[in-house]
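Following: one structure in structure tokens, then a few remarks.
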Amino acid sequence: MSVDRKLYEGKAKILYATDDPEVLVAHFKDDATAFNAAKRGRIVRKGEINCTISTHLFAQLESSGIPTHWIDTPKVDRMRVKAVKIIPLEVVVRNIAAGSLCRQTGISLGTPIEPPLVEFFYKNDELGDPLLTVDRLRLLNVATPEQIDRLRELALQVNRYLSTFFASCQITLVDFKLEFGTTSDAQIVLADEISPDTCRLWDRLETDPERRVMDKDRFRQDLGEVEAAYERVLERVLTRVEPR
Ligand code: UDP
């Protein structure tokens, strides 16, 4: 595989062009940021762990009929992906109240959300990734109303699949963020990554509200044992029984 030009360096990944214009390589970094990069650090082996978890999840989602940008994973911290045009929206699905939902609505941490909530945030660091209303989504015109419906449908499908999968790992999928892109033939596919950086994951084997946290909240909130938590998610994902 010949990897050449660096196209883009983000907070958690570097994207490289390849000799095939339809294919990019995503290199997952150990760098960690939070609060729109106001907090910076490093989580040892994070790149490798997030790439491996994402690979595992993308491969399963693909076989369950959800299109993704994933092609293959030639190295533990590098995946080959389809070149897509990223839709500048962060699509968040929530099963349990946490994070900004609690801060902005006063709903208590841990409250079950039924049916799951789908929220759209504008992917724009300068603006601090604001939550969008339906009317603002229409105003910004970053996706057509039909595409928004499709994003919601895909996000809920991903949620159903991943909630069952993580439950079989003794992990509760609290909430997560997805990004989507459009391929050269106008298909919407799941892009970016699915990992402890982008999901809230609570250990079902722990009841203590701090000890149960297995995701980037350990880094955001200085809870310690960040690496150990990421390693534990990886181990559970790789050793659990296939959901039916
Ligand atoms: N999230 C993410 N990237 C972001 C913002 C949020 O991956 O830029 C994920 C976050 O890890 C959580 C979910 O999206 O799993 C919902 O995040 P929330 O809106 O509660 O924001 P936060 O509390 O992290 O500010």
Side-chain angles (χ1 to χ4, degrees), residues 8-13 26 28-41 43 46-47 49-51 53-54 57-58 68-69 86-113 116-133 136-137 142 151-152 154-156 158-159 161-163 165-167 169 171-181 190-203 209-210 212-223 226 229-230 233 237:
Y8 167 80
E9 178 154 4
K11 285 173 275 195
K13 289 186 286 298
F28 286 61
K29 302 193 287 183
D30 287 351
D31 299 347
T33 62
F35 314 120
N36 203 7
K39 180 181 168 93
R40 289 173 183 274
I43 300 173
K46 178 170 85 78
I49 292 173
N50 284 0
C51 184
I53 293 173
S54 290
L57 299 179
F58 280 145
T68 79
H69 71 157
I86 291 289
I87 299 169
L89 294 173
E90 299 196 335
V91 185
V92 168
V93 183
R94 301 181 189 274
N95 298 303
I96 292 177
S100 68
L101 179 68
C102 297
R103 291 196 301 274
Q104 293 173 0
T105 65
I107 296 174
S108 306
L109 175 70
T111 306
I113 310 287
L117 196 62
V118 180
E119 296 181 326
F120 295 90
F121 293 80
Y122 190 22
K123 190 172 149 59
N124 185 316
D125 283 339
E126 270 171 41
L127 300 175
D129 298 342
L131 176 64
L132 295 175
T133 61
R136 284 186 184 185
L137 265 170
V142 289
L151 294 179
R152 180 185 296 278
L154 284 170
L156 288 169
V158 171
N159 185 45
Y161 191 89
L162 291 186
S163 293
F165 171 79
F166 278 116
C169 305
I171 293 173
T172 298
L173 179 60
V174 174
D175 61 28
F176 58 95
K177 183 262 304 181
L178 300 176
E179 292 182 28
F180 293 88
L190 184 57
D192 195 46
E193 65 179 280
I194 307 176
S195 72
D197 269 12
T198 63
C199 302
R200 282 197 170 91
L201 303 169
W202 288 355
D203 190 345
E210 284 193 4
R212 71 184 173 190
V213 175
M214 304 176 89
D215 55 72
K216 203 161 91 174
D217 275 350
R218 297 207 78 82
F219 171 76
R220 292 188 188 100
Q221 298 169 20
D222 292 318
L223 299 180
V226 185
Y230 276 59
V233 175
V237 163

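Since we're looking at a predicted model, the values are computed, not measured. For ligands, and for the atoms within them, numbers begin at 1 and follow the listed sequence.
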* Asked: Should the pair D197-K29 be classified as a salt bridge under the 4.0 Å nitrogen-to-oxygen rule?
  ->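 So D197 does not pair with K29 through a salt bridge.
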* Asked: Is any side-chain N of the basic residue among D215 and R200 closer than 4.0 Å to the acidic one's carboxylate O?
  ->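 Looking at R200 together with D215, the answer is no, because their closest N to O distance does not fall below 4.0 Å.
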* Check whether any side-chain N or O of K39 sits under 3.5 Å from a backbone N or O of F219 as a donor-acceptor pair, and report yes or no. =>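 A pair under 3.5 Å: yes.
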* Write down, by chain and number, every protein residue that brings a non-hydrogen atom to less than 4.0 Å from an atom of ligand 1. =>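 Around ligand 1, where the cutoff is 4.0 Å for heavy atoms, the contacting residues are E90, V92, R94, A98, G99, S100, R103, F121, D129, D175, F176, K177, D197, T198, C199, R200, R220.
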* Asked: How would you list, by chain and number, every residue that makes a side-chain contact (heavy atoms from CB on, under 4.5 Å) with L131, sequence neighbours excluded?
  ->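 Listed in chain order: Q104, E119, F121.
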* For D129, side-chain contact (heavy atoms from CB on, under 4.5 Å) partners two or more places apart ->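 With neighbours one apart ignored, the set is E90, D125.
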* Non-neighbouring partners of F166 that pass ring-ring contact (aromatic ring centres under 6.0 Å, His included), sequence neighbours left out ->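 Per chain and number, F166 pairs via ring-ring contact (aromatic ring centres under 6.0 Å, His included) with no residue.
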